[in-house]
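No experiment lies behind these values; they were computed from the predicted model shown. In this chain, numbering begins with 1 at the start of the sequence shown.
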Amino acid sequence: MSVLTMRLAGPLQSWAVNSRHNIRTTLPYPSKSGIVGLLAAACGIPRDGTPSETTDVTLAQLAALRLAVRADQPGQLLVDYHTVSGASHAPTEPARQRLPTADDGSLQVKDSTKITRRHYRTDAVFTAYLEGDPDLLTKAAHALRRPRFPLFLGRRSCPPSKPPFLSVERDSDLDHALRTTTWQAGAHEVARHRARGQSSVLLDTVTEDPAGTDVLQDQPLASAPPFRHRYTERPIRHGHITLPLSPDTTTHDPFDLLG
C-alpha cells in the first residue's frame, strides 16, 4: 500500500456532515466526503459523478481509499450570520422571487428570505492521509499538482492558501504516516510553542478503522444518482500523537499568515 499526504490550510474551512437547512455546522476536522470531493475536483470528475475527461480515476475508487486526519492546528470556530433571499431566482421579477421547497414547490414571497448560520474553522491546518493502491494515488497526486477544477476546503467559499499536495509514500500505512509527517502548523503557531519553551506538541488524530468504536455518516456512495449525493457510515477511532517541534529553519513567507 501507499499513502498520499495532503496539507489542508486556509483562512476558512468547513467540513459538514448532516448539515442542512438554517444551521450549517462543521466538524472540527475534515470529513471523508469533503476530501473525496476535493480529489474528485482535482481529477476532473464532474459533480454528477460522470467519468472524468482528463483521467481514468473514478469516484468509486476515491471513495474506497482509507482516510486518516491529523489536527496540526485546530483553529477556532466561526459562526457566520447569513441571509438567503429568493431575489436571486428572478432579480427583475419580484413576483417570482421565491425560494424552492423540498417537494419542488416554492415559498410565498413573504417567506422567501431566510436567516442561516454557517459554521467555519478559522486559522486551521490539517494533514490528511489516504491509503490505497500505489498507481491510483500516483494519479491522484498528479491531479493535485495540476487540478482540473478549483479546489475547496469543504465549501466553495473556502479555497486553500497553498497547493495541498505534500507527498506519496510507498510501502507505508496510515499510522506510520501520521507519526512521521512533520508538524505542519503555521509559522506563527510554531513560534508560539517555542516561546513557551515547548519541545513537542500533542495532536488529535481520526483514523478510519474497521475496529473503530465511533462512526461518521460521511462515506460517499458512488452509486448514488447524479446530483443526489448519498452517504453511509464508516467506523473511525480517535487518538493522539506527540511530535517534536521541527528545527527553526523557516524563512519569511507572507502567505504563512493564511495558514
Side-chain angles (χ1 to χ4, degrees), residues 1-9 15 29-45 51-52 54-73 125-148 151 153 160 162-185 190 199-216 218-220 222 232-247 249:
M1 288 291 181
S2 292
V3 174
L4 167 66
T5 303
M6 295 183 289
R7 181 180 188 269
L8 306 174
W15 308 96
Y29 45 80
S31 63
K32 186 169 185 180
S33 55
I35 296 295
V36 170
L38 184 148
L39 286 175
C43 293
I45 300 174
S52 167
T54 55
T55 73
D56 60 358
V57 175
T58 67
L59 189 60
Q61 289 175 318
L62 296 178
L65 297 170
R66 284 185 65 221
L67 172 69
V69 173
R70 194 178 74 191
D72 289 53
Q73 185 174 312
V125 180
F126 303 99
T127 44
Y129 309 83
L130 289 154
E131 179 188 282
D133 176 72
D135 293 336
L136 172 62
L137 293 180
T138 298
K139 294 175 184 177
H142 176 75
L144 285 170
R145 294 188 189 99
R146 301 186 63 181
R148 173 65 179 84
L151 306 182
L153 304 178
K162 294 182 180 179
F165 174 75
L166 277 184
S167 66
V168 172
E169 185 177 359
R170 289 182 174 268
D171 299 322
S172 184
D173 58 35
L174 294 179
D175 290 327
H176 179 265
L178 283 166
R179 294 192 306 269
T180 57
T181 302
T182 57
W183 190 30
Q184 295 294 315
V190 176
S199 60
S200 62
V201 60
L202 181 67
L203 305 177
D204 294 335
T205 64
V206 181
T207 304
E208 189 172 333
D209 185 346
T213 57
D214 201 355
V215 294
L216 274 178
D218 67 345
Q219 172 65 43
T232 189
E233 293 180 344
R234 65 183 177 103
I236 60 171
R237 58 178 162 86
H238 295 270
H240 310 279
I241 60 170
T242 300
L243 293 181
L245 268 64
S246 55
T249 58

Query - From Q184 atom CD to L8 atom CG, the distance as rounded to the nearest 0.5 Å - result: 10.5 Å
**Report entry** Minimum heavy-atom distance R70-T181, with the two atoms named
**Finding:** NH1-O, 2.8 Å
Report task. Search all heavy atoms of C43 against all heavy atoms of T55 and return the closest pair with its distance. Result -> O-OG1, 3.3 Å
Report task. Indicate yes or no: does R234 engage E208 in a salt bridge with an N to O separation below 4.0 Å. Result -> yes
Requested in this report: Working to the nearest 0.5 Å, report the span between CD of E169 and OG1 of T180.
Outcome: 5.0 Å
Query raised in the report: Does W183 use its side chain to pair, donor to acceptor, with the backbone of P244 at less than 3.5 Å?
Result: no
Report summary line: Scanning both residues in full, the closest heavy-atom pair of S31 with W15 reads N-CB, 3.7 Å
Requested in this report: Decide yes or no on side-chain contact (heavy atoms from CB on, under 4.5 Å) for L137 and L65, but give the supporting numbers first.
Outcome: CA-CA 9 Å; L137 293 180; L65 297 170; 3.9 Å; yes
Query raised in the report: Is there a donor-acceptor pair under 3.5 Å between the side chain of K32 and the backbone N or O of A63?
Result: yes
Query raised in the report: Step by step, would you call I45 with L62 a side-chain contact (heavy atoms from CB on, under 4.5 Å)?
Result: CA-CA 11 Å; I45 300 174; L62 296 178; 4.0 Å; yes
Query raised in the report: Do you know which two heavy atoms are closest between F126 and A71, and how far apart they sit?
Result: CD2-CA, 3.7 Å
Requested in this report: Given side-chain contact (heavy atoms from CB on, under 4.5 Å), test L144 with L151 step by step and report yes or no.
Outcome: CA-CA 9 Å; L144 285 170; L151 306 182; 4.2 Å; yes
Requested in this report: Measure the spacing between CG of L174 and CE of M1 and express it to the nearest 0.5 Å.
Outcome: 10.0 Å
Report task. Please report the C-alpha distance between T205 and T207 in whole Å, then the side-chain angles of each, then the deciding distance to 0.1 Å, and finally whether the side-chain hydrogen bond (donor to acceptor under 3.5 Å, both in side chains) criterion is met. Result -> CA-CA 6 Å; T205 64; T207 304; 4.6 Å; no
Query raised in the report: Got a second to check how far F165's CZ is from R7's CZ, nearest 0.5 Å?
Result: 14.5 Å
Query raised in the report: Which atom pair, heavy atoms only, marks the closest approach of G44 to T54?
Result: CA-OG1, 4.1 Å
Query raised in the report: Step by step, would you call V36 with L59 a side-chain contact (heavy atoms from CB on, under 4.5 Å)?
Result: CA-CA 8 Å; V36 170; L59 189 60; 3.8 Å; yes
Query raised in the report: Residues in salt bridge (charged side-chain N to carboxylate O under 4.0 Å, His left out) with D135, at least two apart?
Result: none
Query raised in the report: Taking the side chain as C-beta and beyond, is there a heavy-atom pair between V206 and H238 under 4.5 Å?
Result: yes
Report task. Search all heavy atoms of L4 against all heavy atoms of A141 and return the closest pair with its distance. Result -> CD1-CB, 4.1 Å
Query raised in the report: Between OG1 of T5 and CD of E131, what distance do you get to the nearest 0.5 Å?
Result: 11.0 Å
Report summary line: Here the gap from Q61 atom CD to L39 atom CG, rounded to the nearest 0.5 Å, amounts to 12.0 Å
**Report entry** Salt-bridge present (D173, R66; N to O < 4.0 Å)
**Finding:** no
